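Computed from a prediction, not measured in an experiment: that's the story for all the values here. Every chain is numbered from 1 and lettered A, B, ... according to where its sequence line falls, protein lines coming before strand lines.
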Protein chains: 2
Amino acid sequence: MVAADTPHAGAQRSGTGVRRPTLHDVAARAGVSKSLVSLALQGSDKVAPSSREAIMAAADELGYRPNRTASSLVRQRTHTIGVHILDLHNPVFAEILDGVQEGVRGHGYSTLLVTGNADPTIERTEITRLLESRVEGLILIAHRLSDADLALIAAEAPTVVITWRTDGIAGLDSVAGDDLAGARLAVDHLIALGHARIAHVSGGDNRIARERRTGYERAMIDHGLQPLVVDGAFTEQGGYAGAEAAVDSGATALVVANDLAAIGALAALRARGLRTPDDVSVVGYDGMRLLDSLDLTTIAQPLADMGRAAADLLMERIATPDRPSVHRQVDTRLVARGSSGLSLGPR
Amino acid sequence: MVAADTPHAGAQRSGTGVRRPTLHDVAARAGVSKSLVSLALQGSDKVAPSSREAIMAAADELGYRPNRTASSLVRQRTHTIGVHILDLHNPVFAEILDGVQEGVRGHGYSTLLVTGNADPTIERTEITRLLESRVEGLILIAHRLSDADLALIAAEAPTVVITWRTDGIAGLDSVAGDDLAGARLAVDHLIALGHARIAHVSGGDNRIARERRTGYERAMIDHGLQPLVVDGAFTEQGGYAGAEAAVDSGATALVVANDLAAIGALAALRARGLRTPDDVSVVGYDGMRLLDSLDLTTIAQPLADMGRAAADLLMERIATPDRPSVHRQVDTRLVARGSSGLSLGPR
DNA sequence: ACCAGGCGTTGGAACGTTCCAATTCCCAGG
DNA sequence: CCTGGGAATTGGAACGTTCCAACGCCTGGT
């Protein structure tokens, strides 16, 4: 028993005043130097068993908790990676995030999470914050940044973009499916079921939406069919409105830009008294888990795997910062469920 | 122009070697002391305009980026709060997280996010990690910790538990709806629609599930009806299996433990060729956004608001660590949609 | 001509670690 | 009895900030 004025276990209140015990305090109580405490706590084998015991006991009694900020400062490593997520509302991103979490935890990293609410300005400031916190890498689960901004960011920290291919930026890797091919899968599937009036409910004006739309258009043309694109968005509301417009134009099948919008489309059809798939077939895109229960056909991507792959890629780049950029393409496949079925022919 | 050996803007590669510029470097280039640079960067008004300009220019040219870890160390503030989320797969938690993010960002905080995958051991180690990172507060979006663990944690950092009321632990506040009353709302609604054979698909063996179950049972008994509880879980699979068991027992209406399970229940009914609400009515619990499109009746909680409320509570407690514990109860209401309707009477 | 006082600026200590170089201690070998 | 050397331990510098006390300088009042 030493130093009556050092705080002791559990006693300090959460808030003001009472300083948390440091290495010094533990050292004083154990009767050794702070260096030895540091060594012991790191599990070094050059600490005498007797000292180790005394140190552990002291640390325990004081409720000592190492200070990572101090440690980070001197080691020049934070063991933290920054994650930016475009939109927490979309379960798809949450599923990717889940994979990311699992992947980085496996490597002993924590995640600092930010959202930009799809606003490039907020996105930039939030990412700046991550950079100031000296994250060792960055994973962007979709973003709205320009290539120039992206290059600046990637120059400061290894970065992985999930959701679309990004080439030609040093220090940056990407993970994505092939949206062109995926959209074609949907079209082929519906044609095989006998549909001809297949419409596309678009995802708005952004990179992924354009890609999927193009894939749809090309596939239609290749089959000698007339593309029909109606405006939508990557939201339930977007899918709802788009589906209405599409059936108004006489479509018997819908290739919807993403799953969320497909759920909205289904609601629109239901509201109109149209049955799925008897009257109108629907195919979504992304492959979120929930769709299984909703019996919705979709172009599925291995979401959690994408997150894990991004984590792996990032770890590799942290280890080898100068290696060339890598794009990891995940496979996209059609998961046929009840929302797509035999067409009853043009009405 | 000074110091030819200092790194210059954009030039340093992301990885090895090249040291990032520090206050010293900026100071050297601007021809002033590091103290003045620090002052200028903090926007102090006691820096001469000429110096300020020179400093800003130098910082810019060097691509200077303040180091938050160093700053945190000396200021004893990290401006970071730790968030633990039980399960990223459940959109409900994501919606709460979204509110949390918004709430803390408004106060200039970042979030360090971890998941424990519903395993108390992982949960503890992940939260330990947060504590070591010296987060200034903790928000637990559901957890599996014991009260003892919780008390230990709350003694180290202000903590808010979302999802159920937690009393009697110093330094800890909570935000939740009234599950007892909520379950009663569901029962009342179904009885008003003429149902009598109302079953409850439970959420398994955990605190919330028990609460909702008890609410259901009491409401049934108060109405002179016989409770019928079938085992389920807070997952689609749980709801699916539970719904099968319930209809086998002749139920015409289902109060399902949460929305995810309700979606599963709907799938089970569909698979059996039962129509909703004509054959069987279904009521979920939680109020996730998606349900609107799915036309599923639910006992709704203001999820994002709960997240924001937790953030506010945490900010208050950080400001006043010693104030008494607060429980913020949010209101729970029935949102009637198509999945619940008039009963056709007992079959 | 001198001094008070404000403004702008500066050096240095501190934050809590890690890690290197140096020191002490002890024992075996000569 | 001395010495060499390994094991155990230690002091101190460093990491990049913040902030305090103190400094020099200029201006204006007397």
Using a strict cut-off of less than 4.0 Å between a Lys/Arg side-chain nitrogen and an Asp/Glu carboxylate oxygen, indicate whether B:Glu132 and A:Arg68 qualify as a salt bridge.
yes

Walk me through whether B:Ser110 and A:Arg129 qualify under side-chain hydrogen bond (donor to acceptor under 3.5 Å, both in side chains).
CA-CA 8 Å; B:Ser110 302; A:Arg129 195 195 202 59; 2.3 Å; yes

Any donor-acceptor pair, under 3.5 Å, between the side chain of B:Lys34 and the base of C:dG12, if you only look at N and O atoms?
yes

Once you round it to whole Å, what is the distance between C1' of D:dC19 and CG of B:Leu41?
15 Å

Between C1' on C:dT18 and NZ on A:Lys46, what's the gap in Å once rounded to a whole number?
15 Å

Between B:Asp173 and B:Arg323 (salt bridge meaning N to carboxylate O under 4.0 Å), is one present in this structure?
yes

Interatomic distance where CG belongs to B:Leu36 and P belongs to C:dT9 [whole Å]:
5 Å

So does B:Gln42 get a side-chain nitrogen or oxygen closer than 4.0 Å to the phosphate oxygens (OP1/OP2) of D:dT17?
no

Mind checking A:Ser51 for me? I need base, sugar-phosphate or nothing, with any heavy atom below 4.0 Å counting as a touch.
sugar-phosphate

Assess the residue pair B:Asp119 and B:Arg144 against the criterion (salt bridge (charged side-chain N to carboxylate O under 4.0 Å, His left out)); give the C-alpha distance rounded to whole Å, side-chain angles, the decisive distance to 0.1 Å, and a yes or no.
CA-CA 7 Å; B:Asp119 176 335; B:Arg144 294 269 183 267; over 6 Å; no

A:His327 ring center within less than 6.0 Å of A:Trp164 ring center:
no

Of the candidate nucleotides D:dT17, C:dG16, C:dT17, which contains the atom at the shortest distance from the side chain of A:His24?
C:dT17

Phosphate contact (D:dT10 OP1 or OP2) by A:Ser33 side-chain N/O below 4.0 Å:
yes

Extract from the structure each pairing of a protein N or O with an N or O of nucleotides 23-26 of chain C at less than 3.5 Å, listing the distance.
none

Which of these nucleotides, C:dT9, D:dT9, D:dC19, is closest to any side-chain atom of B:Ala48?
C:dT9

So, is A:Ser38 near the phosphate of C:dT17, with a side-chain N or O under 4.0 Å from OP1 or OP2?
no

Mind checking if B:Thr22 touches a base, just sugar-phosphate, or nothing, with heavy atoms under 4.0 Å?
sugar-phosphate

Give the rounded distance in Å between these two atoms: CG of B:Leu62 and P of D:dG16.
14 Å

Nearest whole angstrom, please: distance from the C1' of C:dT17 to the CD1 of A:Ile55.
15 Å

Check whether any side-chain N or O of B:Gln76 sits under 4.0 Å from OP1 or OP2 of D:dT18, and answer yes or no.
no

Can you tell me if B:His107 has over 12 outside heavy atoms packed within less than 6.0 Å of its NE2?
yes

Minimum side-chain heavy-atom gap A:Val114-A:Leu130 below 4.5 Å:
yes

Is there a donor N/O on one and an acceptor N/O on the other, under 3.5 Å, for the side chain of A:Ser35 and the base of D:dG12?
yes

B:Val32 has its side chain closest, among D:dT18, C:dT10, D:dT17, to C:dT10

Does this structure show an ion pair linking B:Asp25 with B:Arg20, if we count only N-O contacts that are shorter than 4.0 Å?
no

Atom-pair distance (CG on B:Leu39; C1' on C:dT10), nearest Å
11 Å

Atom pair distance, as rounded to whole Å: CG in B:Asp25 and P in D:dT17
9 Å

Taking atom P of C:dA14 as reference, at what distance in whole Å does atom CG of B:Leu23 sit?
19 Å

Specify the residue among B:Val47 and B:Arg134 whose closest nucleotide of DNA chain C lies further upstream toward the 5′ end.
B:Val47

